[in-house]
Each structure stands twice: as C-alpha cells, then as structure tokens.
Amino acid sequence: MVSGLTVSERQWSMAILVIVAFVGLAMAAAGANRADPMQAHGFIVLLFSLAVFCFVLRDYYQPEPAAARLASYYDDPSKAGIVVAMLWAVFGMFIGDWVAWLLAFPDLTFDAAWSSFGRLRPAHTTGVIFGFGGNALIATSFHVMQRTSRARLPDQFSPWFVLVGYNLFCLLAISGYFLGITQSKEYAEPEWYADIWLVIVWVVYLVLYLRTLARRKEPHIYVANWYYLAFILVVAILHVVNNLAVPASFAGAKSYSLFSGVQDAMTQWWYGHNAVAFFLTAGFLGMLYYYLPKRAGRPIYSYRMSIIGFWGITFFYMWAGSHHLHYTALPQWVQTLGMTFSVMLLVPSWIAAANALLTLNGAWDKVRDDATLRFMMMAAVFYGLSTFEGSFMAIRSVNALSHYTDWTIGHVHAGAMGWVALITFGSIYAVVPWLWKRERMYSPVLVEVHFWLALAGTLIYVFAMWNSGIIQGLMWRTYNDSGTLTYSFLDTMVAMHPYYVARAIGGLLFLLGAIVGCYNIWMTIRRPSELPAASGDIPLPVNLQPAE
Amino acid sequence: MFGTHYRIERKSIALAVTIMIVASIGGLIEIAPLFTIDDTVESDPSMRVYTPLELAGRNIYMREGCYACHSQMVRTLQDEVERYGPYSLAVESKYDHPMLWGSKRTGPDLARLGGKYSDQWHTAHLKNPRDVVPQSIMPRYKWLSESQLQTKHLGDDLRALRAVGVPYTDAMIENASDDAVAQASPDDDTAGLTKRYGDATQIRSFDGDKATVSEMDALVAYLQILGKLSDAAHQPPPPKE
C-alpha cells in the first residue's frame, strides 16, 4: 500500500504523523500533570501515530509507482476501509450483544468499571455507527465517486489521511468510554479534542470529494454523490453545533457544553435525529443508488423520484428532531413542528424506497438467485418499514406510549440492522470482488447463510422489542379500579426479562452472520487473482473535456 | 423545477451550497427562537447552583453512563406525575451543561429522586443493587466507595461553567476544592460552604465513611439533590393575565 504512494506523499504522511505524535506526547504530559485521564489518550495518539509511521517507514525506500497508475482508479484506501469496517462490525456487534445479555443477566460482566453497562453501551453505538457505518461510507464513497465521475482521486495522500484519521477518532471515542471520558451527549459522546480532530479529518474529506467532482468527466453529478455530499456537509454542521463546549482546562478531558437545559436538549436531538438522517440514511442511500442498480444491471427507475426523494429528505429531516421531546419541558410549538414534519417525511422516504424497489423490476429473478442483491432489496424494504414506523412514532399520542420504552430501541434496530447493515453487507459483497478483481465472492453459499442469519436476527430482535416496549408502555399507564397505578416500576421491568433474552439471541444471530461475512471476505481476498480489470473500469484521460 | 435541477446537478459548488441552505432552515427556525422567546424557560430567582461536590457527582453520573437507562424528565402525563411527582420544568435544568433528560427508562425516572431514599439505601444500592432490590438489573458500582474523589481542579470546572452561563462567584471558584471536601465532612468547619451555597445545602458523610471523600459521597450527594435545586415545579402555575 505504501509502495503505491509517491515519495513526496510518503514524506507528507511521515511529517503529519510526526506532528500528531508530538500532539499525543503533549496530551500525555499535560494529562499526567493533572492526573487526568487525558494522559491515557495522549499515549494512544502517540502509539497510534508511531505505529503508522513505522508502517510507512518500512516501505519508504521502495521504488516509486509507475506513471501508469494514473490510468486506473485508486482503490487501496477503499480496500483498507472495507476490511476495517468489517472488523469494527464484529467489535461493535459483539459489545452490543454483550450488553443485551447484561440486561437479562446483569452479573455477566467483570467486576471492573470499564465493563459496566453504562460504559459498554456507547462503545456499542459508536462501534457500529461510526466504526462500521462510517468506515463503510468512507470506503464506498471513494469507490463510487471515482466511478460516477470517471475520474481518479486527485491525490493519494488525502484519502489515507481521511481513513486513518477517522479511525484514530473512533479509537479515541471508544477507548474514552472505557476510561470514563464522555460528554454524555448520545451519539456525540467524544470529548472536545476528539471532536476537533474529527473536524480536521472531515474538512479534508469534503475538500477531497469536491476536488474529485471538479475532475469529473461526466457533465452531471450522479444521485449517489448528492447523498454522499449531503452526508459530509450536514454531518459537519451537526457535529460542530452540537459539540460546542468549553473545556475545564486544555490539559484535561472534561468539557461543559455551551448550551444547557431545554436549548441543549433541542440541539442534542436536532443532532441526534439528523445523525440518523444524514449519517445513517443519506450516506447509505448513496451506497444504495450506486450498488443496487449496478448489481441488478438495471438503471434507476426514476430520475424525478430521485430528485424529490433527495430534497425532501434534506429539507424535512432537519425539522424532525423535536419529536424526541414530546410532552417534555420543550415548548409545545416546537413539538408540534417536529411531529408535523416527521409525518411529512414519510413521503420522500417512501419515494426513495420505492425508487429502489422499482429499479428491481425486470431483475426479480436475480433477487431470487443472488443473495447479494437480496441483501440490498431487503434493506430497501426495511428502510420503507422503519421510516413508516418512525413517522408513526413521532405522532404525539403514539409517542406518549412508545417513548422511554424498548419500542424505540426496536425501531432504531429495524433501521440500523435491517436497513443500514443490510445495505452495507450487500454493497460490500458487490464491491469486494470488483476491488480485488475476483470473479465472485469465495463462497456464494456463505453469503446466503449470512443473509438468512441477518434477516432472522433482525426479525427476532425487532419483534422482541415491539413486545417489550408496548407491554411496558401499557403497564406504566394501567390504572386499577380504585384509580391508582396498578404496576410498580419493578413489576414492569421484571416483565421484560423473556424479551431481553429473545433480543440477545437475535443479536447473536446477527453477530454470527457478520463473522461469517468476515471469513468469506478474507478468503476472497486470499484467493489468487483470476481476472484482469473489468473492461471500462478505468478513469477517462485527464485532458478529456466533459461531453455536453 | 426539474429544469433548474438539471442545471444545479452539473455544478458541484452550487449543489453543495444549496444542500447547506436547505438543510439549515429547520434547525434555525426550531432552535434559534428558544434563546430569544422569554416564555421558553420559566424564571426562578431562588434557584440554586450545584455545589462542587454535587457537580463532581453529576460528572460521575455522566462518566458511568447512568443517563443511558435513567431519564430525568417527568412528562406532562397523568401516570408519570402520579408515579414520579410534578412534571419537569425547563428552569430545573437551566444550569445543566449538558442536560441529562435521557431517552430511555430501563430503570425509573430520577428527576424527583432527591430525598426519596436514605443515603444508606443509595450506598448499598450502588454497591450491589440486588442486595436491596433482588430483581434489579442495574450494574454494580462498588468501586465508587473505594476511589477517592479528585477535588483538586474543581475550580476549573466551576470557571468553565461560569463561562457558559452558570452564576458561580469568584469565591465559589476559589474555594471549590475545599467546599467539596467540607460538604462530606460534617465535623469540619462548614460555615464558608453554607454562606456560599445557602443553608439548605446538605452537609453529611453521604457514604457513611467520614474519613475520606469518595466518589460514592459525590454521586449520592448529587442523587439527593435531584429535583431540589428549584421549587418551581411544586408551585401552582401563575394565574393567566
């Protein structure tokens, strides 16, 4: 991988890594001075950058790559990103299933601070959302933007900076929770220095994306890129605003958020819901809009539906966050706006889902035979189902029952497992043979096994949480004949036990599927190359003008 | 409409700028007025701030991820008011940077927890919840009594909170470390602490061990103050003018 870099790109990498190593050293020293947990993070930054430095140094004196490299797409960062995404998937899902078992059997853990539920739970959410989802998005976006622009990445250094820097952020985030470093804002837990680092990485990502688009040989920017671009831009806005904070000291990890109380709650759920919208939806719709039509061999059903779906999602989603705060101290006018836009959001969501499913018209025989395409089809179905459920749960009177219960957890996982993970697995199974130039995955049977494990796991999980959520919500509000509450909180919690066991089994099946996927991908990579590059999978020459 | 789009989708910067504008509208309209409309947060002149010990306890609550299973927000629904107490007002979390309203009740709501159980109950419950509530699924936090509370830099925390709007005085910031120790040491001189934070400040050894100030002291001090910073929620609503 390093041998693919030019000498000046290798020097850039090493220079940046030395700077980062010094920042790590400074953090470690400052933290040690205050006996602050930032000390540990300083050492993590230091060791991480030294390890990558050694990796670069090992191949530093390799000959420079030939100029012929410019005649093909640059896919090394995509390959690395996909492998890393699968490793994060197994890690995040393992922690997820562990905490699921903890809710049924609370003593199934070590007697140590790092392994208590409250610290493991954000490690699960960050591991799957940012580790698995984020790396898959970065890896596929590099792949998709080059193909849809018919242009090579503008340089070979910045994609590596984005990928490696992003994983340093993930590492700081998750190790932070184990160490007790957290802002406690859900899905925005990392502390101020990790947040600043992510901003730097993200700006490089945006610039890289725009530079690639600027080099494109296609006059039109393809739909997948609209979604990836919205993902990059809006996540930047959300991340910056929601993480505004004042550190107690620049030598310590702790910070205090700029906003408090009701304003903080609204900002947090504006962020939280749109992390779902622009991280977990827009980015993955970008994946869907490229890999589904490619795999099905059919063009996207409707250009106009793509436009309406995209702008509807971009506009409506940003209003929906306040439905997380129904009946709270948030002023009612904001709650009503949030509910209204959440219901309207169903229209563009279903347009996007329908556009995906109608694209499969004429290719349903492939859906039957090809588990990879079936992953993507099932993802679109779950996308449609969970967006319907989301709009429904945003209605105030429904939310009165569902909020604070496992119904929310079930809804999130219908989206996260059924939509996000299935489209990602489908896209990865499609792209791995293309990237490594193999005829097909090592074992189509194992793809099939993974599909059924994932689908069964998701269904068991979601049904368990529907049951527990609705039962608990109803028990909380049950009155007896004398007009007092029938059930103590404890009664309602004890009633959850069988569903918690079922949920943990569903999660286990899903995790097993991901492990089978890892094995299959590993064996595909290891198998010697059989195919030359697919004809036409090359960028157009640089000096070619866009066709009008 | 589709003609306009046909042009926008050929210009990457135009597309990027349009996305930013379209995506910003919702947040601007829903969030910005919350800072300017006076009705958003009720006023309570008698509201008090967290003492350094309670603040340290709150930071432990956040560090251990308690908010993942416990909300601090009683909704305006009859069964919640009957189960937990008066519904929560915005003013009650006015000094909460960040707020801890929560999103899930794997365990019960804690907005009105203060004074509901004894310190001994809390300490025993945190050490092993199943000693007190056999069916509980809460984790054990027995190391909290064993780890000494770091109080040295609490002044920095108060200073940061003042920067974001909490009315801590210079004296409070200066004495933060001493005040944290004093609140859990009833036999020491606590006059300064009550002068700065009011007579209602709860001063006692929360974990039952007077010799040291542990993280358990801080966390229990925080749990015992939940819902007690302001009386606003217990007052009848002001008559409509």
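- Across B:Met20, B:Glu82, B:Lys94, the residue that shares the most heavy-atom pairs under 4.5 angstrom with chain A is B:Glu82.
- The parts of A:Asn399 that come within reach of chain B are both its backbone and its side chain, each placing non-hydrogen atoms under 4.5 angstrom from that chain.
- The pair B:Arg140-A:Asp107 meets the salt-bridge criterion, with a side-chain N (NZ, NE, NH1 or NH2) lying under 4.0 Å from an Asp/Glu carboxylate O.
- Interface residue B:Ile13: only side-chain heavy atoms are found under 4.5 Å from chain A.
- Both the backbone and the side chain of B:Val22 come within less than 4.5 Å of a heavy atom in chain A.
- For B:Lys142, the part sitting under 4.5 Å from any heavy atom of chain A is the side chain, from C-beta outward, and nothing else.
- Within the 4.5 angstrom heavy-atom criterion, only side-chain atoms of B:Val133, from C-beta onward, approach chain A.
- For B:Arg159, no part lies near chain A; criterion is any non-hydrogen pair under 4.5 Å.
- Looking at B:Ile8, there are no atoms closer than 4.5 Å to chain A (heavy atoms on both sides), in backbone or side chain.
- Chosen from B:Leu77, B:Val74, B:Asp109, the residue pairing most often with chain A at heavy-atom distances under 4.5 Å is B:Leu77.
- Only the side chain of A:Leu490 comes within contact range of chain B, with heavy atoms under 4.5 Å apart.
- With chain A as partner, the option from B:Glu42, B:Glu92, B:Arg130 having the largest number of non-hydrogen pairs under 4.5 angstrom is B:Arg130.
- Contacts of A:Leu206 with chain B are absent, with no heavy-atom separation under 4.5 Å from either backbone or side chain.
- For B:Leu28, no part lies near chain A; criterion is any non-hydrogen pair under 4.5 Å.
- Only the side chain of B:Ile37 comes within less than 4.5 Å of a heavy atom of chain A; its backbone N, CA, C and O stay farther away.
- Interface remark: B:Ser136 contributes backbone atoms only to the contact with chain A (heavy atom separation under 4.5 Å).
- In this structure, no portion of A:Phe341 lies under 4.5 Å from any heavy atom of chain B.
- Between chain A and the options B:Gly65, B:Gly26, B:Ser71, B:Ala90, the largest number of non-hydrogen pairs under 4.5 Å is found for B:Gly26.
- Each of A:Thr408, A:Asp406, A:Thr405 was compared with B:Lys104 under the side-chain contact (heavy atoms from CB on, under 4.5 Å) criterion, and only A:Asp406 meets it.
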